[in-house]
Each structure stands twice: as structure tokens, then as C-alpha cells.
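Before any comments, here is the structure.
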Amino acid sequence: MNTEQILRWLQRFATKIEQNKEYLTELDAAIGDADHGINMERGFKKLLIQLPTITNKDIGSILKAVSMTLISSIGGASGPLYGTFFLRASSAVADRSELDEQDMLDMLRAGLNGVIERGKTQLGDKTMLDVLFPAVTAFEKAVDERKQMRDAMAQALVAAEQAMKDTALMQAKKGRASYLGERSIGHQDPGATSCYLMLKCLYESL
Amino acid sequence: MNTEQILRWLQRFATKIEQNKEYLTELDAAIGDADHGINMERGFKKLLIQLPTITNKDIGSILKAVSMTLISSIGGASGPLYGTFFLRASSAVADRSELDEQDMLDMLRAGLNGVIERGKTQLGDKTMLDVLFPAVTAFEKAVDERKQMRDAMAQALVAAEQAMKDTALMQAKKGRASYLGERSIGHQDPGATSCYLMLKCLYESL
Amino acid sequence: MKKLINNPEDFVRESLEGMAAAHADLIKINFDPTFIHRLDAPKSGKVAIISGGGSGHEPMHAGFVGMGMLDAACPGQIFTSPTPDQMLAAAQAVDSGAGVIYIVKNYSGDVMNFEMATELAYSEGIRVLNILIDDDVAVRDIYTQGRRGVGTTVLAEKICGAAAERGYSLQKVADLCRRVNLSGRSMGIALSSCTVPMRMSPTFALGADEIEVGIGIHGEPGRKRMDLMPANELVSMLALSILEDSAYTRVVREWDMDNGKWFDCELINQPFQRGDRILAFVNGMGGTPISELYIVYRKLAEICQNRGIQIVRNLIGSYITSLEMQGCSITLLKLDDEMIELWDAPVKTPTWRWGV
Amino acid sequence: MKKLINNPEDFVRESLEGMAAAHADLIKINFDPTFIHRLDAPKSGKVAIISGGGSGHEPMHAGFVGMGMLDAACPGQIFTSPTPDQMLAAAQAVDSGAGVIYIVKNYSGDVMNFEMATELAYSEGIRVLNILIDDDVAVRDIYTQGRRGVGTTVLAEKICGAAAERGYSLQKVADLCRRVNLSGRSMGIALSSCTVPMRMSPTFALGADEIEVGIGIHGEPGRKRMDLMPANELVSMLALSILEDSAYTRVVREWDMDNGKWFDCELINQPFQRGDRILAFVNGMGGTPISELYIVYRKLAEICQNRGIQIVRNLIGSYITSLEMQGCSITLLKLDDEMIELWDAPVKTPTWRWGV
Ligand SMILES: Nc1ncnc2c1ncn2[C@@H]1O[C@H](COP(=O)(O)OP(=O)(O)O)[C@@H](O)[C@H]1O
Ligand SMILES: Nc1ncnc2c1ncn2[C@@H]1O[C@H](COP(=O)(O)OP(=O)(O)O)[C@@H](O)[C@H]1O
Ligand SMILES: [Mg+2]
Ligand SMILES: [Mg+2]
Ligand SMILES: [Mg+2]
Ligand SMILES: [Mg+2]
């Protein structure tokens, strides 16, 4: 995956967030405070403005810049989480302008670990982690099986989609949805959903 | 009209107010602040408790006591107006235990003048005055025509009933209803209505 | 409409009992007849300021009782004027001999009850004066008993309270109170109706996007119904109604303390003009969050600045309310040095406390 | 739901601009990144207290910036945590070198953003500590990230602000703040939902006679839905949930300033007991008239008295709100002599002013 594809990914993801602003907000309305789409869109609108100014940078620098923008404009729970994801991802691929399958795995895993540490979340807490973790695991398995980038990512995406749907079965233990107790069961998690969109855009940009 | 009849009048009026609490309040809701029935009932409930304690007094003293009770418990616009009505009425018949037609006229006229002075109202302002004034005028005419108490009061009541209905045609110029401007037209005045009830009870007590 | 109340009949009493329990260091409440008074009243040599009116406008007036403001307040039932016996008892409780001023909002009920109280207090040998507040420009005075008393009441009570605390004479406090009234104008809007506890249905009905412009503090209508507009446009409408109001002349009744009778006196509010220094008061009607009041103030400050009118003091919050009504009112008060100094003077009441 | 706003996106900015215009003698507002700070900050030798959180809870926090309370406040979008860059910029603006304390309410978003800010401020050489407020007994901590931060936040900011003003060291203010948190408990109810301006439909739906017990300040659910009851019964329910709450133990993360890393520390709130001296705080959620809050206080005072718990200070009003939500919360804070003295200490902010 080269710099251009990384930029395409970010561009696509930002656009996807814009298109799904209402949808993500409605998901958050059911079990949270009805702002996940609004929060994400605030950050990714900024990113869309910023992207043209960072096209000539390496992948690490691009992801770092993305991280800073998201951290300083999303707020809420998703701001630090997506911000940390991109921050850690950027460190894993510093100075690079091309990523092979292993680099991609390192990048995703670094981001994943960032989310876990920042959010103090566990699997099954009904958060974005419940999509990110199985997706990265599936990607790793595919890479171990020597799958090419596109195929490996396709497998990750299949896992991510199922995992996203499965969050509906979980009772939230982190974030605003947790205050609902059992009432959070039956609703798909908004952060998990935006995280799936991020991975989908990544796949589509390859 | 003797002391007993006066007491019967007050008793009847108080009961009538209790029965018409909702109705008077609804009339006030349309063009005022929805409390005329509540206000009147607060005062007349007190009066009902007080009445047994003043049965052995003369008419002037009874009316004075009534006045004090109403003044200190009704509040709003109707408190001082009914209070002043009974206060002035009491002065006109001080120390008396029996009233003839002329005494009754003096009493009503004194009360009427009290209402005019206290309220600074004119005829046609859409207030209780618009019932009280034509009723007293009709009573006076009947007394001039040498009608007996019951007949004279019957004539007053006919005038009062028509006058009460006619308040619906007027635009309010005093009290809360006046802020409605032309929107006050088409609604019967609550104070005029309670005033009609007072006169009706007076007639029925004879 | 849901409310945090018990029996609606007990609303006023229980709320006052809560106040008394909460502010036992400042005020005392007397029941039957009901009035709230300063713990330290009567204060020797000090003119006493008493106000009152229907309940449902809290914190006005009970919240303003204390050092530097009111000596006593007489609460009526919800939206119903209190009675003369309350006012008389309050005057008797707080009069030091230096006299009493009743500050009265111009509504039929309040005016009549306070007039009776004035006569009663006079007959009991109390030196008493009666000053009317009538500042609501929304009211067409041609077919009413004149403008209603609204926001300027709050400001008059603060300023005159400070004057009385400083030892102003009865006549001087009365003159000042009249001057404050002649320097203030107000207008309000309602986004929703209030609901009187005894009735539990809304006082008036507004459509989903409708507002009432020129609302009174009891839910009385004002100028017109219209569709909700952005805050900036609403504020412009209110501010211009006030700033462009021409001279307002009317005759009011005041008490002649020496001869024991009423006399008519003509009063005139002069229009605002470029160069005026003012106090800008943005008031919430009870159900409006303060964040929205600041949005209102923002636009109001801009309008005043553009017209060369200088806001030198401001007050933003819910001080004269209409139960849980949503909406706001704006009061602009032209200030002079004396009024500024008195505004800044120390105050210590359940609602307000500064300088001490 | 109607609101006095312009474009919903401009709500927070315009409201802050109104505040800045109204209180230019006390505070200054910086935009991009957004924070409100004391005019006179940094104050040499003084520990700086910074708080922040989503907007929509006004007057908290911006209304508490000023002498004797906060040095800076960082407002986020409505109900959305502010961002680390705001918090860092605020710290840089008000730090005198004596250090900075972030007072953080326990919500995922606030905690994560403030943790990032703490790390950033540390890396910029600022002596920074991070104290959590988690006082909402309505929350079942078994399946959440613990109790939410609500009313105790307001009291902690007043008390710690006074301590910082007196020259307490960074560690001493932090210890005090932790102690306040360990001495306070809260719970609230909603009679109606709030409506977020960007969405304009109610956050949650309640039936005509339904209330939400244990409501959070963003409209999050708490313990249960039930039918409206008389105020006295609701107050009993809230008060007993607080007074009978047993010892509450949890592990929170704090910042080790010397080694630049997080460490876990176990905290315990002890239950209230007979003989305790407390501050009783009855808070309105934004749309509740103060008259109703006094009805709540009346019953609360009675309950405390019956249990031998002595209310020595109280606070009644809308200080930590949820837009125009109707309802209230009760916070009880166990006091000691030091806390009482600091509570009484002078304060001068847009919302609070006494002693000066
Ligand atoms: N501690 C956490 N760890 C990981 N993800 C979390 C955590 N808390 C919340 N989230 C995610 O954040 C999403 C909500 O984001 P958003 O609505 O933008 O923020 P907020 O909850 O502050 O309103 C949730 O759906 C969940 O996926
Ligand atoms: N100035 C006045 N003179 C005579 N009657 C008046 C005056 N003002 C009001 N009223 C009467 O009082 C009635 C309203 O009484 P009520 O509702 O009890 O008091 P309030 O208007 O204070 O709520 C009106 O219907 C009207 O008949
Ligand atoms: Mg959310
Ligand atoms: Mg009425
Ligand atoms: Mg009334
Ligand atoms: Mg949020």
C-alpha cells in the first residue's frame, strides 16, 4: 500500500463519515447521547480540508497529522480513541512510503493496542474494539497464511462486518451506553459501526 | 330582609361559589389567568367556617366581618373588589337587624360605589361593575315604583342576567382580560358572572 | 406538565418553608398572614422597602429580602395578588418609624390590594408611600390600565434597597424609586406556556413553532403570536421595541401621606438616546437555560453598541419568572451615577450576595 | 422544543461570546482552541484549577471561572468532551509554575481527553495532576466504568478554588479535591428530556406521567422509569439512595507527576452517619423553577434532621444542568472545618460572587 492509497483511504473514510453522519447519530441516539455521527463528522470535515496540504509527506507523517486533527476536533469518547489509533499507527510506520502486508499488520496492531490502552476496554464491552480486534486478528491470520494485501484485508473486513453486527448482542460495559444496563442489548454500537466503515474504506482503497 | 335572611344569602352565595369554582375558573382561563373560581372559593370557604360564629350580630357587623374575611383571603382583583363591596355595604346598614327596600338600595348602592372607586372602572370595561350597576339601577327603579323587596330584587336579577351575558360583547379595559385587546370579545367576564351569582343568591334568600 | 410538588394547594407554603429552612441566617417567614422579612428588621432609622405580588415569579420577591434590598416581601397565591392584611402586617413588622415604601407592579389586583394596605397602614400611623412600576412596552395602554410592571421591578428593588440601607429618607427613596421606574423599559417573549399548579393545564396554547411576543409574567398575551425566529431576530425585535419606544406619559395614583388621600400624578418615561449609559437585564422566564440567555445578551450588546448606547452594568439570569415558562425578557434601564453606585452597593439576600 | 438560538452549530460559540461580553471584568475567552480563563491568570505562585466538559451544563464550568474558583474552563460541544489541545492551551495560559489540577468528571470521553491532556502538559514541563469526580450513586458500577461525576464537581471547584487562592500547594489542593470527591454523593431525576440543539428532538422519551430516576446530566438513564410521585416521595427516594449508600470502593487512575506515568489508586467513600455535618445541594436541571427546588429542600432538610445529620451549609439553584431538562438532583457533601472555611471564602465569578 503506497502513500497515494493511504490518502485515498482517508479521503474515502472522511466522505463515508459525512454520508453516514445521520446513521451513526441515530445509532448513538438509541444507546448513547446521539452525537457520534456529529462528533466524527466534525473531525473528518477538518481532515478533508487538511488532506490536500499533506499529500507530499510520508505515510507516518500523514497518519500523525490525521491523528492531531482528529484529537483536536472530535472530542467525546471517539476523539481520543480514533486519535490514538492513528497516532500509534503512525509510529509503527514512521518514514515509510510503501507498506507490505507485515507493515500493515504492525500498523493496525499498534493502533489497536492504542485503543485498548486509551479506552481501558476489554473484548465484549460493546465498543469499537469489538470490531477492530477481530478484524486485526483475521488480517494477521491471512498474512500468516501468506495472503496478499487485498485478500487479507477482504478477510479482515468479513470478520469486521460480522463483529459489528454482533455488538448488537452485547451489553455495553464502557461509554455512555453502559448506563443503560441490559437495555443496551439489541442495538448495534455506533463506534463499532464507524470502525467498520474505516476498515471498509481501507479495503476499498487498495 | 332580616339578619337570618342575610346569613342565608351569604351561606347560599358561598355554596354557589363552591359549586361554580370550575366554571368561574374556566371563564377566567379564556381571557384572564384561570384563577377567579379558585380565588373566590378560597375566600368563601373561609366565610363558611366563619358564618356560624357571627350569627348573633347585627347586619352591619355581619357584612363587615364578611368583608374582612374576603379581603384577607381572596387576593387578586376580586378580593379587594368584593371586600370593598361588603365593607361599604356594611357601613350603609350599620347596627341594623332588618332592612326595608330603601335600606337595601342604600346598601347596594354603597357597595356599588365602593367597587367603582376601588376599581377605577367605568361601565363597559367588562368587569363585575357591568352587572352590578344595571342591577342596582333596576332595583332602584323598582323601589321608586314602590315594588316590594322580592319583586324589586327579581327585576334587578333579570337586568343582572342580561348584563352578565352582554359582557361577552365587550372588549375588556380593566384587569387581565384587557391585555387581550379585541381577543377578549366573545367571552363572558368571570367577575361579572360571580357578581350575578351573588345577586341571584340574594334574591333566593328573600 | 410534570412538577416537583406535593399537593398544589401547598405549593406556596411549602416552597416558602423550604426557603425559610435554607436561609435562616437571612430571613424569617411569618405565616397567617404570610410575609417574609429580614432577620434584623426593623433597623433603627432605616426606611423599610416592601414588595409583593402573586407567587410563581421566584426568586422575585422573597429571594430579594435581606441586607441592601427588601425588608419584607408579601407572596400571594400563584399569580394572585397578596392581600392587604399581609402587607399591613409586613409593614408593622419592619417599620422602624422611618416609614415604609410599597413597591407595586401595575396589575389590577396588586394595585387595589396595595392601595387598601396603604390606607390601612396610614390609619395605623405608619408613614407609608406607594410607588408603581409600569415598564412593559408590549402593552397597548389605550385599552388597558396601562403598562404592566415587569423587569424594572427587580432593578428598582436592588437600587432602592441600597439607598434605604444607606439611610436615605422616605421621600428620597420614593423619588429614586419613581426615577428608576421612569428610566426602565421591558419586553418579553414566551416560547412555551406556564402551567399553574392548581390547574395543571397550560395557561395558553402555542403551536409547535409559535411564540407569544410581548408576554406578561402571568402568561397574559402581549402584542402578537408569530412563528419562532432565530434568536438574533427575536432579540432585535425586543430591543428595538424598547429602544424606539417614544415618550410614555400616563397618570398614576400616589398616596399623599400628609393628608391621607390619593392624588393623581403625571409621569413620563423619556425615550432612550445615543450616549445613554444603561443596565441591560436579560431575564429568563423560569424554564430557559442560562446558555440561551447569553446568546440573547450577545445580540443585545451588539445592538446597543451600534446605537451608541453604552451597557455599563448587566444582569443575566432568571429573576422574574413565570413558573417553568420558556422564554426571556429584556429590560433596559438608563443609569445615572447615583444609580450605578447603589447598584454596586453590597447586598445579601437568598438570591443575591455581593460585597459581603 | 423551541430554543432561543440561531444556528445550532453556533450555539456554544455564541453563548460564550455573550458571556465574554457580559463579564469582561472577570473573564476572557480564547477561541481555537476554546477556553475561558481568569483575566488575572496566571497568578504568581498560585496553583491553577482547570475543569471542563461538554457544554449544555451551564453555568458549569465557564460560570465558575474567576477569583476563588477556577482559573480556566474548557467547554466542549454540547454533551461532548472538549479536546486535549483545549486543555493543554488552558494549562499553558494559566499555569504560574505552581502547577495545574485538572478536575475531571468520570465519563469515558472526559477521562480519555483529560488523560491525553495530562500527558501532553507533562511533556511540556507543566506540573500537572488529574483528579476524578465520581459521585453519582444512581450508577451500577458493576457494568459501567463507575459512577458518573455530577453535583460534587461544583462543590469541589468552589472548595479547591478557594484553597488554591489561599496558596495551598499543588499536592495539598489535589488531596483536598480527592477528599471532597470522597465525601460527596449525588442522585437526580428527570421529569422531562433535554433536547440537543444539533438534533432538535428529545434525547429520550417519557410518558405524560413518567419520570427517569437516577438520570445523568446528558440524559443518560439511571436506575428506573416510574410514575411521577409527590415531591416528598421523590425526595425521600433520592435522599435515602444517598444516605444509605454503603461504602463505595473503586480503583481510579491518577497521574504520577514525578515519574510521568499513570498509576492505579483505590478510593473509598465512607457511608454517611449520624452526627455528620453536611452541605446540602439541591440542583435544578435547567428547566425547573427555583420555587420547586425549595419544595425539594424542605423535605430534604426534614429527612436529614430526622437522621441526625446536620445541614450546616446549603446551595439551591441550577448549577449543573442538562440544557432545559426539568428535574433536580441532590448532592450531599460531608464537611469538615477546613472545607467549611473554604466554602465560605470569597468568590467572584460570573455565577457566584460573595465576600467581595
Ligand atoms: N472506553 C472506551 N473504549 C473504546 N471505545 C469506547 C469507549 N467508550 C466509548 N467508546 C466508543 O465510543 C463510541 C461513542 O462515541 P461518541 O458518541 O462519539 O462519544 P461520546 O460517548 O462521548 O458521546 C461508542 O459507541 C463506543 O464504541
Ligand atoms: N379594575 C377593576 N374593576 C372592577 N372589576 C375588575 C377590575 N379588574 C378586574 N376586575 C374583575 O375581576 C375579575 C377577575 O378576578 P380574579 O380572576 O379573581 O383576579 P385576577 O384578575 O387578579 O386574577 C374580572 O373578571 C373582572 O370582573
Ligand atoms: Mg455519543
Ligand atoms: Mg384571574
Ligand atoms: Mg390572578
Ligand atoms: Mg457525547
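Being a predicted model, the structure only gives us computed values, none of them experimental. Residue numbers start from 1 in every chain, and the chains themselves are labelled A, B, ... in the order their sequence lines are given, proteins ahead of strands.
Neither the backbone nor the side chain of B:Ala177 comes within contact range of chain C; no heavy atom of the residue lies under 4.5 Å from a heavy atom of that chain. For a residue to count as touching a neighbouring chain, one of its non-hydrogen atoms must lie under 4.5 Å from one of that chain's; by this rule C:Asn106 touches chain B with the backbone only. Contacts of B:Ile38 with chain C are made by side-chain atoms alone, with heavy-atom separations under 4.5 Å and no backbone atom involved. In this structure, chain C has a heavy atom under 4.5 Å from the backbone of B:Ile74, while its side chain stays farther away. Heavy atoms closer than 4.5 Å to chain C are found nowhere in B:Glu22, neither backbone nor side chain. If you measure heavy-atom distances from B:Ser78 to chain C, you find no contacts under 4.5 Å at all. Proximity to chain B (any heavy atom under 4.5 Å) is shown, for C:Pro221, by both the backbone and the side chain.
A side chain to side chain donor-acceptor pair (under 3.5 Å) with C:Asp136 is found for one member of C:Arg148, C:Arg185, C:Arg147 and no other, namely C:Arg148.
Counting heavy-atom pairs closer than 4.5 Å to chain C, the top-ranked of the candidates B:Gly79, B:Gly76, B:Gly175 is B:Gly76. With respect to chain B, the highest number of heavy-atom pairs below 4.5 Å among C:Gln77, C:His218, C:Gln86, C:Met112 belongs to C:Met112. Ranked by non-hydrogen atom pairs under 4.5 Å with chain B, the options C:Met116, C:Glu220, C:Arg223, C:Gln145 are led by C:Met116.
Residues B:Trp9 and B:Phe86 bring their aromatic ring centres within 6.0 Å.
Salt bridge annotation for B:Arg88-B:Glu117: present, with a cationic side-chain nitrogen under 4.0 angstrom from a carboxylate oxygen. Under 4.0 Å is where a charged nitrogen must lie from a carboxylate oxygen, and between B:Glu204 and B:Arg12 at least one such pair does.
Judged by distance alone, the side chains of C:Thr83 and C:Asn113 never bring a donor and an acceptor atom under 3.5 Å apart. Checking B:Asp189 against B:Thr167 by side-chain atom types alone, no donor-acceptor pair falls below 3.5 Å.
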- request: Let me see the working for C:Glu119 and B:Arg118 under salt bridge (Lys or Arg N to Asp or Glu O under 4.0 Å), right down to the final yes or no.
  value: CA-CA 12 Å; C:Glu119 295 165 18; B:Arg118 184 54 66 209; 3.0 Å; yes

